[in-house]
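Written out below as structure tokens is the structure these notes cover.
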There are 2 protein chains.
Amino acid sequence: MNLALDEAGPAEHAHTTAWIASVLRARIAAGQLTPGSKLSEQSLSAALGVSRNTLRQAFTTLAGESIVTRIPNRGVFVASPGVEEVREIYRIRRTIEPSAVLWSEPSAKDLDAMEAIVRRAQAARDAGAVVEMADANQAFHEAVVGLTRSDSLRELMERVLAEMRLVFHAMASAPDFHAHYVDRNAQLVKRLRAGENEKAAAELRGYLDAAEAELLGHLTGEAS
Amino acid sequence: MNLALDEAGPAEHAHTTAWIASVLRARIAAGQLTPGSKLSEQSLSAALGVSRNTLRQAFTTLAGESIVTRIPNRGVFVASPGVEEVREIYRIRRTIEPSAVLWSEPSAKDLDAMEAIVRRAQAARDAGAVVEMADANQAFHEAVVGLTRSDSLRELMERVLAEMRLVFHAMASAPDFHAHYVDRNAQLVKRLRAGENEKAAAELRGYLDAAEAELLGHLTGEAS
DNA sequence: AATTCGAGGATTGTTCAACAATGCATGGGT
DNA sequence: ACCCATGCATTGTTGAACAATCCTCGAATT
């Protein structure tokens, strides 16, 4: 637990609070801080070389992003999403993503970018690079939401995908979950290029339903 | 500026930080703290009877909700949304709201609740109660998003509507902006009751486009 | 007179040390 | 074995201090 990564070196940073928050964000995303583990104020403030007070402020930020859960007088824990959280994640995605493809007018540049991402995912899959494939897949869905041109929705989607990563970290086995969906992404881009937005949206909804069902199966069926 | 609402009384509250955040949220929503005004740490901490440190933590929370803008080494200010923010607001609404009506299956209870809200808005309009009409109108759109059953989206919509309220506060004249849309809400409920979700979604999109255009007209045309 | 420059003051950002409040664990009593 | 009380560790909040930055205001220069 006590990963003594002594970065004792007095850091060079603009705003300590934001910097600490980003450090924690990165470590959680990287899986160094596993879901459910407690983040002690005393230990962490010492390990990071910052005051307990600024650390608490960083906690406030991360709690606002629901990357971390704060239990009063108990402490903060890295979020460990369960069945209900997964359902919520897909409620969000089913609302936003199909809407993005249905009512947006993707530019040629958008479509090219999405196709590039798809190819990256296919290459990673064929090479057996699971993490890279997962990254590419998430990048694809970020691109989908990006069609709305809304930074807020992009941020929301980033948060949702970060939570998805936590789900995967919580599952002991990280199977090739994304493999089934790479080709569907390719199909989606094709549909958009043909201007068949309605079909694209409908297929995407089915896609999301299937992914949710599969994830829930993994979570409930073969829980640890 | 110095609204000396001395609530000096040592407050009875569970968690001071959250309490302070909610107090500020309420005062901003009520228009006591106008958009653009600076929130001095020294003054506010004294006025609210809390430490400067906990006040800063509350600021962090509110900044995360983008109710407040933090400028490094300058201070925090009540957010004052302009043209670009309004565009962003409607990008979000155009993505989420039509999606909610198009792909949800509203229960009879949902529809009854929405109809009740519409009637409240109509009554307020006929009585000339502008604020109540505005409140009812916002409640209606919250209900629309509520059809997704997603708490996160509900929260996002709450934040967006709070920002809308700031826009109205920033406009010196708060005309009967919502009046034009009350009947459209009624129509929307009718469509949903008839199961014509597609038409409902299409009409809602037109609705939102018109509202955005009108708002932008007010903001650019007759700026202060 | 207008502009540039610099000293001073005020405000924010961060740290530290302390205390109150709460929760958890340990141990004693029944 | 169960229940309750005491003590300990952790979180929540406070106040004061200091560094860093920005703003203001006045003086010197062109």
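The sequence lines fix the lettering, A, B, ..., with proteins before strands; numbering per chain opens at 1.
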For [X] and [N], give me the distance from atom [atom1] to atom [atom2], rounded to whole Å.
X	N	atom1	atom2	value
B/Gln42	C/dT12	CD	C1'	11 Å
A/Arg70	D/dT11	CZ	P	10 Å
B/Trp19	D/dG12	CH2	P	18 Å
A/Ile20	C/dG13	CD1	P	16 Å
B/Arg56	C/dT14	CZ	P	7 Å
B/Gln57	D/dG12	CD	P	8 Å
A/His15	C/dG13	NE2	C1'	9 Å
A/Asn53	D/dC18	CG	P	17 Å

Handout entry: Most 5' of B/Leu39 and A/Leu55 on DNA chain C, judged by nearest nucleotide
Key = B/Leu39

Exercise for the section: Can you see which heavy atom on A/Thr60 is nearest to which on A/Arg70, and at what distance? Expected result: OG1-NH1, 3.1 Å

Fill in the blank from the handout: In terms of heavy-atom contacts, A/Arg93 and A/Met164 come closest through NH1-CE, 3.7 Å

Exercise for the section: Examine distances only and state if a side-chain atom of B/Asp110 and a backbone atom of B/Ser107 form a donor-acceptor pair shorter than 3.5 Å. Expected result: yes

Exercise for the section: Could you check A/Ser152 against B/Glu88 for side-chain hydrogen bond (donor to acceptor under 3.5 Å, both in side chains), going step by step and ending with a plain yes or no? Expected result: CA-CA 8 Å; A/Ser152 304; B/Glu88 174 70 3; 2.9 Å; yes

Fill in the blank from the handout: Testing D/dT13, D/dG15, C/dT14 for proximity to the side chain of B/Thr54, the answer is D/dT13

Handout entry: Aromatic ring proximity, centroids under 6.0 angstrom, A/Phe140 and A/His178
Key = no

Does [X] place a side-chain N or O at less than 4.0 Å from the phosphate oxygens OP1/OP2 of [N]?
X	N	result
A/Arg52	C/dC16	no
B/Ser51	D/dG15	no
A/Lys38	D/dT11	yes
A/Thr17	C/dT14	yes

Exercise for the section: Using a 4.5 Å cut-off on heavy atoms from C-beta on, say whether the side chain of B/Ser99 contacts that of B/Ile96. Expected result: no

Exercise for the section: Output the residues of residues 71-82 of chain B in contact with DNA chain D, where contact means a heavy atom of the residue under 4.0 Å from an atom of the strand; sort by number or write none. Expected result: B/Asn73, B/Arg74

Practice task
Give the ring-plane orientation class for B/Tyr207 versus B/His141, where under 30° counts as parallel, over 60° as perpendicular and anything between as tilted.
Solution key: perpendicular

